[in-house]
Amino acid sequence: MVSKDEELAHLKKCLQKEVIKNTGAFSWISVIHKALKCPDRRFNFWWRIANYLHHVSNGQSIIAKRINWNLRIKYGVEVELGAVIKEGLSLVHRVGIVISRHSVIGTNFHVLQNVTVGVVIREGDKTPSIVIGDNVTVGANSCIIGSDITIGDNVAIGAMSFINKSIPSDCTVYTPKMNNIVKIKKSS
């Protein structure tokens, strides 16, 4: 179990990297200023606040659930409360992204649109999880779905890929596609 002080330190580190985006001293005034001034940073600001409230209240925060529900409605993104995501979360083209609460994700996680990171829960399994390392990029329309999957550090996952097995560090993976386009001529 992580203490409230450790959770607050993690929140500040994430806000510093994702919202303030500089290496200077942390300041709540700077965070709020950047969240108001830069609309592209608001999702990260509000999700980080909601997830912090969720963790420190052991999942009982009604405010955290309400913030996350509003984020789903406004952005079309569902990053479930309880997911452990280190600093550097980057959601590009925020639409259709789903990340399970059973995910443990490292630093600098870069995700494009319509990506699912989901856990398959089978009867009798211990708590399933997907562990994703540092510096991972997931291409558009990709799915990482399974139980107890580990993706290493410095991995690039190509667009429209289906990942259901663990991936070692330092590699690029993709699902080969057949580009067969069938043309049917309409009869008049």
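Just so you know, these numbers come straight off a predicted model, no measurement behind them.
Side-chain contact annotation: Asp153 with Asn135, donor-acceptor N/O pair under 3.5 Å absent. Defined by atom type and a distance below 3.5 Å, a donor-acceptor pair is present between the side-chain atoms of Asn22 and Gln16.
Ile144 contributes atom CD1, which lies 11.5 Å from atom OG of Ser100 (distance to the nearest 0.5 angstrom). With values rounded to the nearest 0.5 angstrom, Thr175 atom OG1 is found 8.5 Å from Phe162 atom CZ. With rounding to the nearest 0.5 Å, the separation of CD1 in Ile130 from OG1 in Thr150 is 9.5 Å. With rounding to the nearest 0.5 Å, the separation of CD1 in Ile151 from CZ in Phe109 is 7.5 Å. Atom OH of Tyr174 sits about 9.0 Å away from atom OG of Ser161, to the nearest 0.5 Å.
Between Lys34 and Leu15, every side-chain heavy-atom pair lies at or beyond the 4.5 Å cut-off. By the 4.5 Å heavy-atom criterion applied to side chains, His110 and Val92 are counted as neighbours.
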Side-chain donor-acceptor pairs of residues 73-83 under 3.5 Å, sequence neighbours excluded:
| residue | atom | partner | partner atom | Å |
| --- | --- | --- | --- | --- |
| Glu80 | OE1 | Arg101 | N | 2.8 |

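Annotation: Lys37, atom NZ; neighbour count of heavy atoms from other residues, nucleotides and ligands within 6.0 Å does not exceed 12. In this structure, Leu8 places its CG atom where more than 12 heavy-atom neighbours from other residues, nucleotides or ligands lie under 6.0 Å away. Heavy atoms of other residues, nucleotides or ligands lying less than 6.0 angstrom from CZ of Arg66 number 12 at most. Within a 6.0 Å sphere centred on NZ of Lys65, other residues, nucleotides and ligands contribute more than 12 heavy atoms.
Proximity of a side-chain donor or acceptor of Gln60 to a complementary backbone N or O of Ser57 within less than 3.5 Å is not detected. Put simply, the side chain of Ser30 never gets that close to the backbone of Ile20: no donor and acceptor are under 3.5 Å apart. Between the side chain of Ser129 and the main chain of Val131, no donor-acceptor pair closer than 3.5 Å is present. With Arg94 contributing its side chain and Asp40 its backbone, the two residues share a donor-acceptor pair below 3.5 Å. Looking only at distances, no side-chain donor or acceptor of Glu7 sits under 3.5 Å from a matching main-chain atom of Leu53. No side-chain donor-acceptor contact under 3.5 Å links Gln113 to the backbone of His93. Side-chain atoms of His10 come within 3.5 Å of backbone atoms of Ile85 as a donor-acceptor pair (strictly under, hydrogens ignored). The closest donor-acceptor contact from the side chain of Ser169 to the backbone of Gly152 lies at 3.5 Å or more, if one exists at all. Under a 3.5 Å cut-off, the side chain of Asn44 and the backbone N or O of Val19 do not form any donor-acceptor pair. Between the Asn68 side chain and the Ala50 main chain, no donor and acceptor come within less than 3.5 Å of each other.
Summarising the geometry of Leu112 relative to Val115, their closest heavy-atom pair is O-CG2, 3.1 Å, with the distance given to 0.1 Å. The nearest pair of heavy atoms linking Ser142 to Gly158 is OG-O, 2.9 Å. In this structure, Leu91 and Phe43 approach most closely via the heavy-atom pair CD1-CE2, 3.3 Å. For Lys21 against Glu18, the heavy-atom pair with the smallest separation is CE-O, 3.3 Å. Taking every heavy atom of both residues into account, Lys86 and Cys14 meet most closely at C-SG, 4.1 Å. Between His102 and Ile121 the shortest heavy-atom distance is NE2-CD1, 4.0 Å.
Under a hydrophobic-cluster definition in which Ile, Leu, Val, Met, Phe, Trp and Tyr are linked whenever side-chain heavy atoms come within less than 4.5 Å, directly or via other members, Trp69 and Ile63 are assigned to different clusters. Connection of Val31 to Val56 is established within a shared hydrophobic cluster, with ILVMFWY side chains joined at heavy-atom distances below 4.5 Å, either directly or through further cluster members. In terms of hydrophobic clustering, with Ile, Leu, Val, Met, Phe, Trp and Tyr side chains grouped at heavy-atom distances under 4.5 Å, Val98 and Ile105 are assigned to different clusters. In this structure, Val119 is not a member of the same hydrophobic cluster as Val84, with clusters built from ILVMFWY side-chain heavy atoms closer than 4.5 Å.
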Does Leu11 form a side chain to side chain contact (heavy atoms under 4.5 Å, CB included) with Ile49? I'd like the steps, not just the answer. CA-CA 7 Å; Leu11 173 65; Ile49 297 293; 4.2 Å; yes
Please report the C-alpha distance between Asn108 and Lys17 in whole Å, then the side-chain angles of each, then the deciding distance to 0.1 Å, and finally whether the side chain to side chain contact (heavy atoms under 4.5 Å, CB included) criterion is met. CA-CA 10 Å; Asn108 304 319; Lys17 186 162 188 174; 2.7 Å; yes
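Aromatic pair Trp28/Phe26: ring centres closer than 6.0 Å.
Residue Ile132 forms a side chain to side chain contact (heavy atoms under 4.5 Å, CB included) with just one option from Ile157, Val117, Val104, and that option is Val117.
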